[in-house]
Each structure stands twice: as structure tokens, then as C-alpha cells.
Amino acid sequence: MARNRYYLTPHWRSLKRACHERDHWMCTVKGCQTPTYRLTCDHIETRPNVDHPTELDVLGNLRTLCLHHDAQVREQASGERRRQGKFINKGSRADGTPIDPGHPWSK
Ligand SMILES: [Zn+2]
């Protein structure tokens with residue numbers, strides 16, 4: 001979806017920062033080990049493409065994703081999410097638990 005002017009506003013910038021701080025600047029896909037310096041803030045429920053804050057622009061509707069996982073579920077021009085919003089993670093089982101028993105998420 002094309003960027004719109006909302007993403008330039010202080011409202012969005014502060015919300016995005018709060019989201020990343022809540023998520024400890026890490027991708028929220030369980031077991032993801034992608035480096036943390038390439039993050040995006042994803043709306044779980046897609047916001048309308050308008051340039052003002054909406055009821056969907058709240059911390060509870062946001063999650064931190066790495067660019068890899070963001071690309072997996074990014075909305076298409078049709079508005080549908082790729083892969084029906086499901087993530088692929090080669091290092092984990094279908095339920096998200098890591099295959100590697102030494103991974104911190106295994107504990
Ligand atoms: Zn990730």
C-alpha cells in the first residue's frame with residue numbers, strides 16, 4: 001500500500017516509537033532472529049488509507065516486524081494480505097516454537 005501523509009505526522013512517529021519500545025526493538029514473530037536494525041511497525045488490522053489518525057492507529061493494533069516478515073504478509077493492491085497473513089519461519093515449527101532446542105524461545 002502506498003505511503004500516505006499520515007506516516008509523516010508526529011502522531012504516527014510517537015506511536016511507532018512506543019510500539020518498538022514495547023516490543024523491545026525486536027521482530028514479534030516468535031523465533032525470529034533477523035537483526036533488529038531493520039524494523040517496521042505493522043498495523044495488525046489494516047488502517048484505511050487516509051492522512052489523519054484513525055481508531056486503528058493505537059498501540060494495541062500495532063506490532064514490530066522485521067522487513068523480512070513484513071514482506072511476507074504485506075497488503076496487496078487488492079487490500080488482501082499476502083499468505084493470508086501467515087508467516088514463514090524456517091527455524092521454527094508451525095506453532096512458532098523454535099526447532100533449535102538452544103534457542104531462547106525454547107525455554
Ligand atoms: Zn522477523
Side-chain angles (χ1 to χ4, degrees):
M1 182 173 290
R3 286 277 161 163
N4 69 43
R5 294 185 62 78
Y6 170 68
Y7 293 106
L8 303 175
T9 63
H11 184 274
W12 171 248
R13 285 199 300 264
S14 66
L15 197 56
K16 179 179 176 178
R17 181 173 185 86
C19 174
H20 288 336
E21 287 178 349
R22 180 200 61 193
D23 297 337
H24 308 290
W25 300 85
M26 288 169 52
C27 176
T28 55
V29 176
K30 201 171 183 183
C32 179
Q33 293 184 301
T34 301
T36 57
Y37 52 87
R38 302 181 74 187
L39 294 174
T40 188
C41 189
D42 180 52
H43 284 80
I44 296 166
E45 187 175 343
T46 304
R47 74 184 300 278
N49 192 19
V50 295
D51 63 2
H52 56 80
T54 71
E55 63 187 12
L56 294 175
D57 299 309
V58 293
L59 198 51
N61 189 42
L62 297 174
R63 61 185 170 186
T64 300
L65 293 179
C66 66
L67 300 187
H68 174 73
H69 281 120
D70 181 56
Q72 285 182 2
V73 298
R74 180 174 290 282
E75 293 90 350
Q76 307 297 284
S78 65
E80 299 286 312
R81 280 190 182 269
R82 294 187 64 200
R83 302 180 40 74
Q84 290 80 47
K86 294 193 176 73
F87 296 109
I88 303 168
N89 201 322
K90 289 179 182 167
S92 62
R93 301 180 188 90
D95 69 354
T97 56
I99 290 167
D100 176 4
H103 190 280
W105 280 100
S106 294
K107 297 182 171 71

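Order of listing sets the numbers, starting from 1, for every ligand and every atom in it.
Between R63 and D23 there is no salt bridge, since no side-chain nitrogen of the basic residue lies less than 4.0 Å from a carboxylate oxygen of the acidic one.
In the displayed structure, R22 atom CZ is contacted under 6.0 Å by more than 12 heavy atoms of other residues, nucleotides or ligands.
When distances to the Zn ion (ligand 1) are checked against a cut-off of 2.8 Å, H68 contributes no N, O or S atom below that limit.
Vertex the Zn ion (ligand 1); arms to C27 atom SG and C32 atom SG; angle 110° (nearest 10°).
With 3.5 Å as the limit, one finds a donor-acceptor pair spanning the side chains of N4 and N49.
For H69, the N/O/S atom at the shortest distance from the Zn ion (ligand 1) is named ND1.
The cationic atom of R13 (NZ for Lys, CZ for Arg) does not lie both less than 6.0 Å from the six-membered ring centre of Y6 and within 45° of the ring axis.
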